[in-house]
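Here the structure is a predicted model, which means the values were calculated and not measured. All values below were derived from every heavy atom in this structure, side-chain atoms included, with hydrogens, water molecules and symmetry-related copies excluded. Read the numbers this way: they start at 1 and go in the same order the structure lists the ligands and their atoms.
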Amino acid sequence: MDSEVIFADTVERLRAARHVVIFTGAGISAESGIATFRDHLTGLWSQYDPQRLATPAAFIRDPRLVWGWYSWRRTLVGKAQPNDAHLAVVTLTQCLPHVTVITQNVDDLHERAGCNEVIHLHGNLARARCFECNRPYLGVLPVSAEPDGAPQDPPRCNHCDGRIRPDVVWFDEALPEEDVMLAFRAACDCDVLLSIGTSGSVYPAAHIPELASEQGAWLVHINIESTGASSDKTLVGPASLWLPKLVEALA
Ligand code: BJW
Ligand code: ZN
């Protein structure tokens, strides 16, 4: 279906909606200069091996490598600014009656744009916790000026002397239970779900749009690529184009 037709129908659905879910992935932050994971040339996983950097086994094997890489990522996020798509999400939360924002992103650009309540399914780069006892780390988190994160010793836990790790969800790890429950509940309850800048390839997060659609919600993808099945409705183009357009049409 043509993007303009999908757009017009989506505006009508949003006007009538009781509950809207905004589900975001790395693509919404791409225009803030934060790399996605799976884009062919620029995605992090095209340059770095997730098995060496984003699993608990990787941290056990080489904690300095993993900690240094995440310090570098934290530095990049710290320098980035929310873009027009993040700002439009805030406006949608203000102009629609009930909006739940769910993100897979570990950056804080939704919050810095002004979104007060965000469900983070994959954790947050700005936080860290003990690998052994899970207690939050309250010290200052290091940044890294190295181009791709030189190895760095992780700090130690004050309580058990375990190594401190980033508070993000790695492969083979469970997502935060309470957040998953809230997200799945919102997916089952909403009438419209906007799935923005995600490849939808990582589970269980990818169940969220599927679940909403199964329950009869209007599911629309906003993505620079139209990758899904032919029955999928995709507004093809950058999130920073389509989201402000939606805001403008709803005003
Ligand atoms: C734009 C744009 C613009 C660009 N505008 N759009 C086989 C089948 C099914 C599942 C599995 C399987 N084998 C293993 C699994 C499970 C596994 C999984 O799903 N793997 C798949 C990859 C196959 N899942 C897990 O391991 C999860 N845990 C789990 O299952 O636990 C079970 C368990 C239970 C109980 C006890 C113990 C265990 C955990 C998954 C954790 C994911 N973590 C990461 C890293 C976070 C930390 C970090 O940042 O380093 O999360 S991986 C990475 O992928 C990150 C993201 O949140 C996630 C999703 O990526 P996202 O956001 O979709 O980004 P991309 O790059 O994929 O897509 C970007 C999109 O944007 C593209 O479509 C572009 O076109 C688009 N775009 N610019 C609009 N301007
Ligand atoms: Zn500890």
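Geometrically, ligand 1 and Ala30 share no nitrogen or oxygen pair separated by less than 3.5 Å. Ligand 1 has no N or O atom lying under 3.5 Å from any N or O atom of Trp45, backbone or side chain.
Between Gly197, Ser195, Ser29, it is Gly197 that holds the heavy atom closest to atom 6 (N) of ligand 1. Here the shortest heavy-atom distance to atom 68 (O) of ligand 1, taken over Ser199, Gly200, Ala174, Gly25, belongs to Ser199. Which of Thr36, Ile222, Thr198 comes nearest to atom 63 (O) of ligand 1 through a heavy atom is settled by distance: it is Thr198. With atom 56 (C) of ligand 1 as the reference point, the heavy atom nearest to it among Phe23, Phe37, Phe171 is part of Phe37. Counting heavy atoms only, Gln104 comes closest to atom 59 (C) of ligand 1 of the residues Arg73, Gln104, Glu31, His40. Of the candidates Val169, Leu175, Ile196, Val168, Val169 brings a heavy atom nearest to atom 45 (C) of ligand 1.
In plain terms, the two heavy atoms of Arg129 and Val168 that are nearest each other are NH2-O, 4.1 Å. Taking all atoms of both residues into account, the shortest heavy-atom contact from Ser29 to Asn83 is CA-ND2, 4.2 Å.
Contact annotation: for Tyr70 versus ligand 1, heavy atoms closer than 4.0 Å belong to the side chain alone. Counting heavy atoms closer than 4.0 Å to ligand 1, residue Val106 contributes side-chain atoms (C-beta onward) but none from N, CA, C or O.
The SG atom of Cys160, the Zn ion (ligand 2) and the SG atom of Cys157 define an angle of 110° (nearest 10 degrees). Taking the Zn ion (ligand 2) as the corner point, the angle from Cys130 atom SG to Cys133 atom SG is about 110° (rounded to 10 degrees).
Around the CD atom of Glu248, the shell of radius 6.0 Å holds no more than 12 heavy atoms that belong to other residues, nucleotides or ligands.
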